[in-house]
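Written below as C-alpha cells is the structure these notes are about.
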Protein chains: 2
Amino acid sequence: MVLRSVTVALQVFEVVAMQQPIGVSEISRRLGMSKSTVQRCLVTLGEAGWIRPEVTAGPTRWVITSKSFGIGRRVGNSRHLRTAALPVLERLRDATGAPVELIVPEGREGVLIERVATAATEWLFLPPGLRAPLHVRADGKVILARLPEEDLEAYLGEGLEMLTRQTVTDPMRLRRELASIRARGWAASIDELVDGVSTLASAVVDLEGRPLAAVSLHLPSEPFQVHQARNRKLVVAAGIEIGARLDGREVGGRAGLEKRR
Amino acid sequence: MVLRSVTVALQVFEVVAMQQPIGVSEISRRLGMSKSTVQRCLVTLGEAGWIRPEVTAGPTRWVITSKSFGIGRRVGNSRHLRTAALPVLERLRDATGAPVELIVPEGREGVLIERVATAATEWLFLPPGLRAPLHVRADGKVILARLPEEDLEAYLGEGLEMLTRQTVTDPMRLRRELASIRARGWAASIDELVDGVSTLASAVVDLEGRPLAAVSLHLPSEPFQVHQARNRKLVVAAGIEIGARLDGREVGGRAGLEKRR
DNA sequence: GTGGTTCGTGCCGCCTGGCGGCACAGCCGG
DNA sequence: CCGGCTGTGCCGCCAGGCGGCACGAACCAC
C-alpha cells in the first residue's frame, strides 16, 4: 500500500531540490503530470515549510528552504554524531596534516557524512553524501568488523561486489581480515581506491559495541610507514573519543525524551 | 488547497527525523493519528527512499536515510555553493587562524550553511542550520547591502527587530551603514553577538551582482586592529573567489539544463 | 497593435485512493 | 496463563485529490 499523492509530492520536492529555482510547468513536464497536481503539491510543500516561492517579481519559482538542511544533518543513528565528531576530526587533521573523513553505515553501504581537509588536499576524494559498499574501503571494513555475527552473515550472504582491483570477494578471506581488524582496532588499505593514497580507519561504537560510524585518515602512500604507529594510535583514539562524546551527551538521549513526554 | 495526506506524511517524516529510531505506535500517539495512517505513511516514505526500517531484530524501528542528507546540502540558491566555497573557506581559515562561516539569505534571515574552524575554537558560534535576521550580524549586513533597492525597501518595511544591544533599529541609520558597506565591500562588527569576538564579512554575488551568500571571519576583539587591513583583504578576496568559482562552474547552469531538455 | 505562445492560477465534477475501525500474531512482564 | 504492549493486514465507506479546462498576464515576432 502506497499513498499515491505522497509519492508524487516527494517526487515534486526532489525535482525542486535538484533543479531549483523552478516553476510549475517545468516540473509537470519533467514528471509527466498535470499542472494542477504539481501546483497542489507545491502549495502543500510550501505550507509545510519545505519549499518557498522565490521573492523575485515575474513568474513564481520555487526553491527549497533550510528546513531540509536541518533535517539532512540528522542522518546517522545518532542525532549528535556530527556535532560530537567535528572537533575531534579537526584535531586529528591538525595533528596529522592529512584529510579526515567520517562515514556512517546505511544498509550495505557507507555514506560520507563529514570531511575535514587541509587547503593542500582539496578534493581528492568522495564529496559528502556519496556512498560505497562497506567491504571495499578500510573505513567500511572497520564497521563490518564490529557488526553482530548475524548481521555480518546477512551482509556476506548477499555477495561481495568487486569494485576495485584489491576488493576482497572471497567471504572466508574477508572474514579472516575482519577478525584481525577487530582484534587490532584499526584497518589499513594501500593504493586501494586511488594510487598513491593509503587509508587508516577506526570505528565509532555505541555502549553495546555496535558500530555507529568510522573515522578514516588518508595519507600519501610512499611515506606511509613513517608515522604509521603514531597515526594508528591517533585514528583509534579519535574513534574512541567520538564514541565517548556521544555517550556523554546522549546517555539515554532518545529514551529520555520518550519518557519525558 | 492542501493535500491532506501529504501534510500528514511530512509530519510523520519530521517525527522520524527528530526521534529516530522510532516505531509506528509511538508516532501515532505523538501526532494523534491512527496507526493505520502512520503505517501507510511509513511504507510510502520507505519506498520513496526517505526512511528505512532499522535492521535489528524485534520491533520495527524507522530511521531516515542519507537521501535527506544529499538534499539538505542543496539549500541555497546555487547548487554548488558549498562545493565551491569549502576550499576557499579552508584556505581563509588557514591564512588567518580564525573560524570562518558561510551563510545564505533565506527570506529575512541568514542561515548558517558551512563553518570551518580550528581545533582551538570549537563551538563558539551558531551550529549549522541556525538562523538570524539579516540586519543583526555583519555577514547579514553585507547581504542586505547588495540587495536590489526594492527588496531592501521591503525588508525595512517589515521593521527591524532588536536582538542585541548593538542592533540598528533605525531604518535611516541602517541605510547609511549599508551604503558605506556597499562602497567598502566589507562589514565589521565588534563585540556584537559575543563579548570579545569581532567579525569581518564580505558578500558572494552572482553575475548580476545579487547576493548569494556571505563569508565571515570571527576574531578575538583585543588584537582586532593588528591585522585588520590584511584580514579585510582576505575576506573580500574569499567572497569574490567563491563567486568566481560559481560562475565558472555554473555559467547558465540551470538555464542550460532547461534548454537542453 | 495583434495574434501567437508561454507562463501561473483557480474552479469543477467524477471516481478512486486513502481514511479509521477492527482483527490477528508475536512478545513481554506479572 | 493472561492482559498489556507491539507491528501488520484487511475492508467498506466517503471525501479528498485527480485531470481537464478556462482565465489573466507576460512575452515575442511580425
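Every value quoted in this text rests on a predicted model; they were computed, and no experiment measured them. Chain letters run A, B, ... following the sequence lines, proteins first, then strands; residues in each count from 1.
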Under 3.5 Å, side chain of B:R210 to main-chain N/O of B:P148, donor-acceptor pair present?
no
First of A:V24 and A:R4 reached from the 5' end of DNA chain C, by closest nucleotide
A:V24
Over how many whole Å does the gap from B:E26 atom CD to D:dC5 atom C1' extend?
13 Å
Check A:R137 with A:E109, please: is the shortest side-chain N to carboxylate O separation under 4.0 Å?
no
Please report the closest heavy-atom contact between B:G185 and B:S202, naming both atoms and the distance.
O-CB, 3.7 Å
For the pair made of CZ in B:R40 and P in C:dC19, what is the distance, rounded to whole Å?
5 Å
A:R29 side-chain N/O to C:dC7 phosphate OP1/OP2 under 4.0 Å
yes
Counting distance alone, no hydrogens or angles: does the base of D:dG7 have a donor or acceptor under 3.5 Å from a partner atom on the side chain of B:K35?
yes
Quick one: does any side-chain atom of B:T65 pair with a main-chain N or O of B:G49 as donor and acceptor, under 3.5 Å?
yes
How many whole angstroms separate atom CD of A:Q39 from atom C1' of C:dG10?
9 Å
What is the distance from CD1 of A:I22 to C1' of C:dG8, rounded to the nearest Å?
14 Å
Which is true for A:S25 with a 4.0 Å heavy-atom rule: it touches a base, it touches only sugar-phosphate, or it touches nothing?
sugar-phosphate
Just how far, in rounded Å, is P of D:dG7 from CD1 of B:I51?
13 Å
To the nearest angstrom, how far is A:L42 atom CG from C:dC7 atom C1'?
14 Å
Given C:dG18, is OP1 or OP2 found less than 4.0 Å from the side-chain N or O atoms of B:S36?
no
Rounded to whole Å, how long is the line connecting atom CD1 of A:I27 with atom P of C:dT9?
11 Å
So what does B:S5 touch, heavy atoms closer than 4.0 Å: a base, only the sugar-phosphate, or nothing?
sugar-phosphate
Using OP1 and OP2 only, check whether a side-chain N or O of A:R61 sits under 4.0 Å from C:dG8.
yes
Atom CE of A:M33 and atom C1' of D:dG19 are separated, to the nearest Å, by 11 Å
Taking only residues two or more places apart in sequence or in another chain, which ones pass salt bridge (Lys or Arg N to Asp or Glu O under 4.0 Å) with B:E161?
none
